Amino acid sequence: RPARCYPAGMEIRPATPADLPTLLPLVERFWVFEKLPWEQVDVRRVMGALLADPTLGRVLIAEHEQQISGYLTLTFGYSIEHRGRDALVDELYVEPATRGLGTGTLLLEAAAEVCCALGITRVHLEVDHTNPRAHALYARLGFRGQDRQLLTRPL
């Protein structure tokens with residue numbers, strides 16, 4: 001692949017456990033935007049576990065002019081249907097002030113590179129039905145809908 005060309009002042013990097021305090025406010029803004037019930041203690045715990053254990057997945061950070069402008073969480077799974085290891089883009093958030101700069105695209109492309117390097121052949125994501133901007137981005141990058149509905153059972 002050719003070297004990635006980022007917009008001026010943009011960098012995508014893997015997050016480390018030291019990034020947790022800086023990431024949490026962005027995660028909270030994502031949860032508010034998505035209308036999810038925010039519970040900082042649980043989120044701190046599970047995000048901390050993800051940052052500490054690379055077998056669970058990865059967190060990628062977008063920085064614009066040395067400020068975190070977005071993040072993507074990628075979690076790993078295994079699927080017979082998808083022929084082995086697969087991944088889920090669990091969260092993708094870009095700060096409003098830096099939207100439109102290609103940050104979301106760069107984060108998703110970096111996640112695809114991580115997956116390819118690990119032998120993962122399928123990446124899934126969820127998107128709200130009422131977010132046409134996200135739908136357009138995902139379609140442009142090759143994500144396609146399925147005629148199935150994801151159901152969840154809390155345990």
Side-chain angles (χ1 to χ4, degrees), residues 1-31 33-34 36 40 42-128 131 133-146 148 150 152:
R1 284 192 156 156
R4 180 173 315 288
C5 183
Y6 295 113
M10 179 76 69
E11 178 185 346
I12 306 295
R13 67 173 176 83
T16 69
D19 290 308
L20 183 60
T22 308
L23 274 169
L24 281 175
L26 275 77
V27 176
E28 183 175 6
R29 288 193 284 279
F30 168 79
W31 282 49
F33 178 80
E34 292 291 329
L36 300 170
Q40 182 171 346
D42 282 345
V43 173
R44 177 181 290 277
R45 178 182 56 79
V46 296
M47 179 68 87
L50 179 60
L51 290 168
D53 185 351
T55 65
L56 298 175
R58 301 289 190 281
V59 178
L60 302 174
I61 290 177
E63 290 183 335
H64 185 253
E65 298 174 356
Q66 283 100 36
Q67 297 290 322
I68 294 180
S69 60
Y71 74 95
L72 179 147
T73 60
L74 186 67
T75 59
F76 302 147
Y78 194 87
S79 168
I80 303 301
E81 176 184 353
H82 297 292
R83 294 162 185 78
R85 293 184 74 195
D86 62 351
L88 172 70
V89 175
D90 190 52
E91 296 186 0
L92 171 60
Y93 177 76
V94 176
E95 291 278 46
T98 58
R99 290 180 187 160
L101 300 178
T103 307
T105 298
L106 292 172
L107 284 163
L108 286 162
E109 288 176 346
E113 288 178 7
V114 167
C115 290
C116 287
L118 296 171
I120 294 169
T121 60
R122 300 284 193 284
V123 179
H124 315 280
L125 56 76
E126 288 180 277
V127 61
D128 194 292
N131 192 341
R133 188 173 179 176
H135 278 269
L137 168 64
Y138 301 145
R140 185 170 46 79
L141 293 176
F143 287 89
R144 301 290 176 254
Q146 297 182 19
R148 296 180 180 196
L150 176 68
T152 304

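All values reported here derive from a predicted model rather than from experimental measurement.
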Intermediate values then yes/no, side chain to side chain contact (heavy atoms under 4.5 Å, CB included), Leu92 and Leu107: CA-CA 8 Å; Leu92 171 60; Leu107 284 163; 3.7 Å; yes

Arg44: salt bridge (Lys or Arg N to Asp or Glu O under 4.0 Å) partners, not counting sequence neighbours: none

Verdict with supporting geometry, His82 and His124, side chain to side chain contact (heavy atoms under 4.5 Å, CB included): CA-CA 10 Å; His82 297 292; His124 315 280; 3.3 Å; yes

Taking every non-hydrogen atom, the tightest pair across Ala15 and Leu51: CB-CD2, 3.5 Å

Side-chain donor/acceptor of Arg83 to backbone N/O of Glu81, under 3.5 Å: yes

Salt bridge flag under 4.0 Å for residues Arg58 and Asp53: no

CE on Met47 to CD on Glu91, rounded to 0.5 Å: 5.5 Å

Heavy-atom donor-acceptor pair, Asp90 side chain to Leu74 backbone, under 3.5 Å: no

Side-chain touch Ile68/Leu26, heavy atoms, less than 4.5 angstrom: yes

Minimum heavy-atom distance between Gly57 and Phe76, given as atom pair plus value: CA-CE1, 3.4 Å

Face-on cation placement of Arg122 at Tyr78 ring, 6.0 Å and 45° thresholds: no

Contact check, side chains of Phe30 and Leu36, non-hydrogen atoms, under 4.5 Å: yes

Over all atoms of both residues, closest heavy-atom pair of Ala87 and Cys115: CB-SG, 3.7 Å

Glu126, CD: over 12 other non-hydrogen atoms inside 6.0 angstrom: no

Shortest non-hydrogen separation from Leu60 to Ala111 and the atoms involved: CD1-N, 3.5 Å

Close side-chain approach of Met10 and Leu106, heavy atoms under 4.5 Å: yes

Stepwise side chain to side chain contact (heavy atoms under 4.5 Å, CB included) check, Tyr138 with Leu108: CA-CA 9 Å; Tyr138 301 145; Leu108 286 162; 3.7 Å; yes

Cation-pi check, Arg29 onto Tyr93 ring (under 6.0 Å, within 45° of axis): no

Shortest non-hydrogen contact between Pro14 and Asp19, atoms and distance: O-OD2, 4.4 Å

Flag side-chain contact, heavy atom, 4.5 Å: Val123 against Leu88: no

Side chain to side chain contact (heavy atoms under 4.5 Å, CB included) assessment of Ile61 paired with Ile12: CA-CA 6 Å; Ile61 290 177; Ile12 306 295; over 6 Å; no

Any donor-acceptor N/O pair, Thr103 side chain to Val94 backbone, under 3.5 Å: no

Spatial distance of atom NE2 (His64) from atom CD (Glu11) [nearest 0.5 Å]: 12.0 Å

Euclidean distance, Thr22 OG1 relative to Glu63 CD, rounded to 0.5 Å: 9.5 Å

Heavy-atom check, side chain of Arg99 versus side chain of Arg133, under 4.5 Å: yes

Heavy-atom pair of closest approach, residues Arg140 and Thr105: NH2-OG1, 3.1 Å

Min side-chain heavy-atom separation Tyr71-Val27 under 4.5 Å: yes

